[in-house]
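Heavy-atom basis, side chains included; hydrogens, waters and symmetry copies ignored. Atoms within a ligand are numbered from 1 in the order they appear, just like the ligands themselves.
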Amino acid sequence: MGTMTADLLESIDEWGPEKIVCVSDPRTGMRGVLVIDNTARGMGKGGTRMSPSVTVAEIARLARVMTWKWAAVDLFHGGAKAGIRFDPASPDKERVLRAYVRRLADQIPSSYVAGLDMGMTENDAAIIQDELGDRGAAVGVPEQLGGVPYDELGVTGYGVAESVDAALRRAGRSVKGARVAFQGFGAVGVAAARRLDEMGATVVALSTSRGGVHDPGGLDVAHWLALRAERGDDCVLGVAPGERLAAGEELVLDCDVLIPAAIQDVIDAAVAARIRASLVVEGANLPTSPEARTVLARRGVTVVPDFIANAGGVVAAAFAMDARYSAFRPDPAAIFEAVSSRLRQNTDTVLAHAESTGVTTHEAALDIATERVRTAMRLRGRLPR
Ligand code: NAD
């Protein structure tokens, strides 16, 4: 769903949403929404977001992204997303969260399983389970409750690194010695840097919202991982002037691989024209504008799209979905193995499809996802005959 018009019914298209449920509770001030976008390939699954500005349109757009992400990675869940309009830093968070899931007790877990997104932690997932008295109500619960703490494991960043290696191999190049620049050194950036360092890549730049550091000869990744663990985003504050980066400079440095792993909308057509990397692997969601994708494609820069490269989290969430009622904890090694094989294969498939059809890699990825969803809808008799 691209845009939501004043009339919600007007904004429903051929894919969905199948169901939008709004809930509220005047006593706690809770207002929330659940959007089930498309379940042709399986039950709707996507994280639960808590922020003071959540809108129905935002959650519907994210639910649609989940429909494509599950289909693109070829796992059998459908698109869904939930939102609670509330400040996650408020001391009343737990009361609001409990009120939200109580109101949705007829939907969770039969139509929707809660998960982590902005403003939600592993502990909140545990609260949701507790409120509904059902182990199936949420994924992302702490390890101590038998859950799969997939954020903590760093599976998304690990998958981004696997995707980088697959794309380089496809181009006949090696990850060993490849010079990589990162924008964003949070959950995704940290885990991707760790894995790429293990694989022999040279990290030449990294940044946080507080600044960036650059060394063309290669940064000491172990040092920066330790500093980041200690100081968070402030890790880059003491950088010597010669190594310091101005905001956004990391995107246009001389390097082989660029990994945007921070926020959306950072690469527009003008930035795209200046990018010197030959491979961009999108760790963040929506870092490039549609115009930027066209510029990059024209300049021969390969882009691995966000919902292909950062799908490690949904692979882990699929394991967590299966583990909800099991007494056994899933083996993290099996999760990493699945992330690696799926993301490598998917990176290859999407790049090959783009090459053979002449469309951008984003269009290629969307082609594959929409075709899978359309086929599932046809097989289920959900399309007009
Ligand atoms: P995070 O909050 O842990 O880290 C974000 C990092 O980006 C921080 O270091 C922050 O300082 C930095 N940053 C923010 N604005 C910046 C700027 N203007 N310039 C440079 N650095 C900046 O978030 P995360 O979980 O690592 O998520 C990063 C991106 O990856 C988001 O787009 C998110 O939607 C996407 N993503 C995350 C996951 C996941 O499993 N965590 C899964 C799929 C997609």
Worksheet item: Any idea which of G283, A311, G232 brings a heavy atom closest to atom 30 (O) of ligand 1?
Response: G283
Item to complete: From the options A309, A247, A191, S209, select the one whose nearest heavy atom is closest to atom 22 (C) of ligand 1.
Response: S209
Worksheet item: Any ion pair linking K93 and D124 (charged N to carboxylate O, less than 4.0 Å)?
Response: yes
Worksheet, complete the sentence: atom 33 (C) of ligand 1 has as its nearest protein heavy atom N285 ND2, 4.0 Å
Fill in: Shortest protein heavy-atom distance from atom 18 (N) of ligand 1, along with the residue and atom involved
I263 CD1, 3.9 Å
Worksheet item: Where is the nearest protein heavy atom to atom 21 (N) of ligand 1: which residue, which atom, and how far?
Response: T208 C, 3.2 Å
Worksheet item: If you count the non-hydrogen atoms of other residues, nucleotides and ligands that lie under 6.0 Å from CD in E243, is the total more than 12?
Response: yes
Worksheet item: Does A262 reach ligand 1, in the sense of a heavy atom lying below 4.0 Å from it?
Response: yes
Worksheet entry | Other residues, nucleotides, ligands: >12 heavy atoms within 6.0 Å of R299 CZ | yes
Worksheet entry | Note: R228-D233 ion pair, threshold 4.0 Å (strictly below) | yes
Response to the item:
OG1 of T357 to CD of E363, rounded to nearest 0.5 Å, is 8.5 Å
Worksheet item: Which atoms of ligand 1 are found less than 4.0 Å from any heavy atom of S207?
Response: 20 (C), 21 (N)
Fill in: Closest protein heavy atom to atom 37 (C) of ligand 1, given as residue, atom name and distance to 0.1 Å
V188 CG2, 3.5 Å
Worksheet item: For ligand 1, is any non-hydrogen atom under 4.0 Å from N310's backbone (N, CA, C, O), its side chain (CB onward), both, or neither?
Response: both
Worksheet entry | Separation between CE of M377 and CH2 of W15, rounded to the nearest 0.5 Å | 6.5 Å
Worksheet item: Rounded to the nearest 0.5 Å, how far apart are CD of Q183 and OG1 of T208?
Response: 10.0 Å
Worksheet, complete the sentence: Ranked by distance from atom 8 (C) of ligand 1, the top protein heavy atom is D233 OD1, 3.4 Å
Item to complete: List the closest protein heavy-atom neighbour of atom 19 (N) of ligand 1: residue, atom name, distance to the nearest 0.1 Å.
Response: Q183 NE2, 3.7 Å
Worksheet item: Among protein heavy atoms, which sits nearest to atom 4 (O) of ligand 1, and what does the distance come to when rounded to 0.1 Å?
Response: G186 CA, 3.2 Å
Discussion item. Please classify the A261 to ligand 1 contact at 4.0 Å (heavy-atom distances, strictly less than): side chain, backbone, both or neither.
Written reply: backbone
Item to complete: Report the nearest protein non-hydrogen atom to atom 39 (C) of ligand 1: residue, atom name, distance rounded to 0.1 Å.
Response: T156 OG1, 3.6 Å
Worksheet item: A284 heavy atoms, cut-off 4.0 Å: which ligand 1 atoms fall inside?
Response: 29 (C), 30 (O), 32 (O), 35 (C)
Worksheet item: Can a cation-pi geometry be assigned to K45 and Y112, taking NZ or CZ under 6.0 Å from the six-membered ring centre and within 45° of the ring axis?
Response: yes
Discussion item. Using a 4.0 Å cut-off to any heavy atom of F185, which atoms of ligand 1 qualify?
Written reply: 6 (C), 9 (O)
Worksheet entry | Over-ring placement of R135 relative to Y325, 6.0 Å and 45° cut-offs | no
Worksheet entry | Atom CZ of R31: over 12 foreign heavy atoms under 6.0 Å | no
Discussion item. Under 4.0 Å and counting heavy atoms only, is there anything from the protein next to atom 2 (O) of ligand 1?
Written reply: no
Worksheet item: Quick one: CG on D134 to CZ on R324, what's the gap to the nearest 0.5 Å?
Response: 8.0 Å
